[in-house]
Asks: 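Let me give you the structure first, and then I'll get to my questions.
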Amino acid sequence: MCTTCGCGPAEHHHHDHDHGHDHKHEHDHSHHDDHTHEHDHGNEHRHHHKVDTTAKSITVETDILAKNNRLAAGNRTLFTSKGVFVLNLVSSPGSGKTTILERTLRDLNGTFAFAVIEGDQQTDNDAMRIAATGVPVKQVNTGAGCHLDAHMVCHAVENFDMDNLDILLIENVGNLVCPASFDLGENHKVVVLSVTEGEDKPLKYPSMFHNADVMLLNKVDLLPHIDFDAEKCKAFARRVNPDILIFDVSSKTGEGMNAWYEWLGAGARKSR
Amino acid sequence: MHEMSITQGVVEICESTAAGRRVLSVVLEIGELSNVIPEAVEFCFEACTKDSGLEGARLTIERIPGRGLCRECAEEFAVKAYYGSCPSCGGYHVDIISGEELRVKELEVE
Ligand SMILES: Nc1nc2c(ncn2[C@@H]2O[C@H](COP(=O)(O)OP(=O)(O)OP(=O)(O)O)[C@@H](O)[C@H]2O)c(=O)[nH]1
Ligand SMILES: [Mg+2]
Ligand SMILES: [Zn+2]
Ligand SMILES: [Zn+2]
Ligand SMILES: [Zn+2]
Ligand SMILES: [Zn+2]
């Protein structure tokens with residue numbers, strides 16, 4: 001299934017970001033065609049090739065994220081061909097992503113066929129919570145990595161029956177910075193912000209709010225108890241991204257969840 | 001740290017471009033709005049290039065300033081951060097036209 005990355009389904013995981021450890025380069029001194037190498041510098045085995053007249057400049061102009069973008073495009077092609085609606089949920093740790101997923105799955109399971117990818121640096125706690133709802137789930141542990149990338153998603157979906165799937169929900173690693181830069185092939189990024197985080201988060205982490213199409217303002221059940229100016233927060237989010245769609249929700253009480261479900265259902269039906 | 005995977009990407013691009021030749025220097029273009037901290041890339045570069053065809057290569061990072069284009073009044077202006085408003089009309093409908101770059105510009109091989 002992972003046709004774009006070239007590694008077979010069973011091939012296990014040399015993910016670039018944990019770099020260093022699975023990074024095997026034979027140090028062959030790379031002495032190639034254009035110059036012969038004589039070991040004439042005594043015992044000291046150094047290869048600095050003094051006056052290197054063969055030094056050659058190459059124009060590259062390659063996007064560093066090109067590989068991720070290529071794999072994401074491959075994922076997107078797969079999702080489109082299978083008619084699956086895919087969301088990438090991003091937020092700072094603890095904003096309520098998993099709780100939102102649990103409630104959504106309990107309320108809509110039966111109406112749509114779901115699958116979930118859970119990204120965390122460590123543990124499969126979130127995957128266990130999702131599994132308890134009866135929905136297929138694949139935990140991806142990123143180790144030192146602070147975000148999911150398209151390659152991880154490309155392999156994670158090998159665990160699902162894509163032909164019989166309507167909606168794939170991807171919970172990214174809790175981090176408001178780098179998941180913004182890594183396209184996974186999703187239809188939309190959904191940023192979750194909870195009312196306990198302070199209304200200026202959209203200004204402090206503008207890239208994430210700029211790149212998301214939807215914002216779920218979560219834990220609104222707590223609003224009566226705290227100083228949080230929801231309107232100000234939404235104005236900040238719209239300043240960074242004038243087109244962002246905002247839903248006020250509480251995944252604890254269920255308040256506001258219906259509007260979110262309607263949007264989700266409309267997206268899934270359109271993707272079919 | 002996100003700069004680690006970015007730097008790993010740089011090494012991959014350089015190695016495939018160099019096709020086995022030793023890389024002597026690398027020039028990167030990093031936009032000021034790209035969320036990537038140049039100092040962190042420099043730091044990661046040393047670790048990521050160890051025992052590779054890039055070991056000891058000189059790293060140069062060129063910054064590309066942020067530029068925005070206002071959708072309302074078509075003014076083009078310098079952007080320091082995403083939430084900057086248009087200096088001409090005050091609107092927030094601004095398209096970023098540069099400053100998000102993350103590119104290997106050129107390299108020098110043996
Ligand atoms: N009061 C209230 N608490 C909530 C709500 N949603 C989530 N919580 C609580 O917030 C805490 C964190 O929720 P999680 O769903 O684990 O958050 P998360 O974003 O998945 O966290 P990470 O995966 O660790 O980044 C838990 O104690 C939840 O019970 C809500 O709407 N209202
Ligand atoms: Mg979670
Ligand atoms: Zn692969
Ligand atoms: Zn993989
Ligand atoms: Zn990261
Ligand atoms: Zn303007």
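Quick note: numbers below take in every heavy atom, side chains included, and nothing from hydrogens, waters or symmetry partners. Letters A, B, ... are given to chains in the order of the sequence lines, protein chains preceding strands, and every chain is numbered from 1.
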Asks: Chain B heavy atoms under 4.5 Å from A:Asp243: which part of the residue, side chain, backbone, both or neither?
Replies: side chain
Asks: Checking B:Glu75 now: which residues fulfil side-chain hydrogen bond (donor to acceptor under 3.5 Å, both in side chains) with it, not counting sequence neighbours?
Replies: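 Counting only residues at least two positions away or on another chain, B:Glu75 forms no side-chain hydrogen bond (donor to acceptor under 3.5 Å, both in side chains).
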Asks: Applying a heavy-atom distance below 4.5 Å, give me the residues of residues 189-201 of chain A that approach chain B, sorted by number.
Replies: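 Residues qualifying by a heavy atom under 4.5 Å from chain B are absent, so none.
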Asks: Need one label for B:Ile13: side chain, backbone, both or neither, based on atoms under 4.5 Å from any heavy atom in chain A.
Replies: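 For B:Ile13, the side chain is the part near chain A, not the backbone.
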Asks: For the candidates A:Val240, A:Asn241, A:Thr59, A:Leu203, which exhibits the highest count of non-hydrogen atom pairs separated by less than 4.5 Å from chain B?
Replies: A:Leu203
Asks: Go through the atoms of B:Glu101 and report whether side chain, backbone, both or neither lie under 4.5 Å from a heavy atom of chain A.
Replies: neither
Asks: Given that the side chain runs from C-beta out, which part of A:Phe209 has a heavy atom under 4.5 Å from chain B: side chain, backbone, both or neither?
Replies: neither
Asks: Nearest heavy-atom pair of B:Ser34 and A:Ser181: which atoms, and what distance?
Replies: O-OG, 4.4 Å
Asks: Are A:Pro242 and B:Arg71 close enough that some pair of their side-chain heavy atoms sits under 4.5 Å apart?
Replies: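 No - every pair of side-chain heavy atoms lies 4.5 Å or more apart.
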Asks: Consider side chain to side chain contact (heavy atoms under 4.5 Å, CB included). Of B:Arg21, B:Glu110, B:Glu108, which one does A:Lys56 pass it with?
Replies: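 Answer after filtering B:Arg21, B:Glu110, B:Glu108: B:Arg21.
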Asks: Would you say B:Glu46 has more than 12 foreign heavy atoms packed within less than 6.0 Å of its CD?
Replies: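 Not more than 12 within 6.0 Å, no.
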Asks: Using non-hydrogen atoms only, which part of A:Thr62 is less than 4.5 Å away from chain B: side chain, backbone, both, or neither?
Replies: both
Asks: In Å and rounded to the nearest 0.5 Å, what is the OG to CD distance from A:Ser207 to B:Glu100?
Replies: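 Those atoms lie 7.5 Å apart.
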Asks: When rounded to the nearest 0.5 angstrom, what distance separates CD in B:Glu12 from CD1 in A:Ile64?
Replies: 11.5 Å
Asks: If you measure from CZ on A:Phe182 to CD1 on B:Ile6, what distance do you get to the nearest 0.5 Å?
Replies: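 One gets 4.0 Å once the value is rounded to the nearest 0.5 Å.
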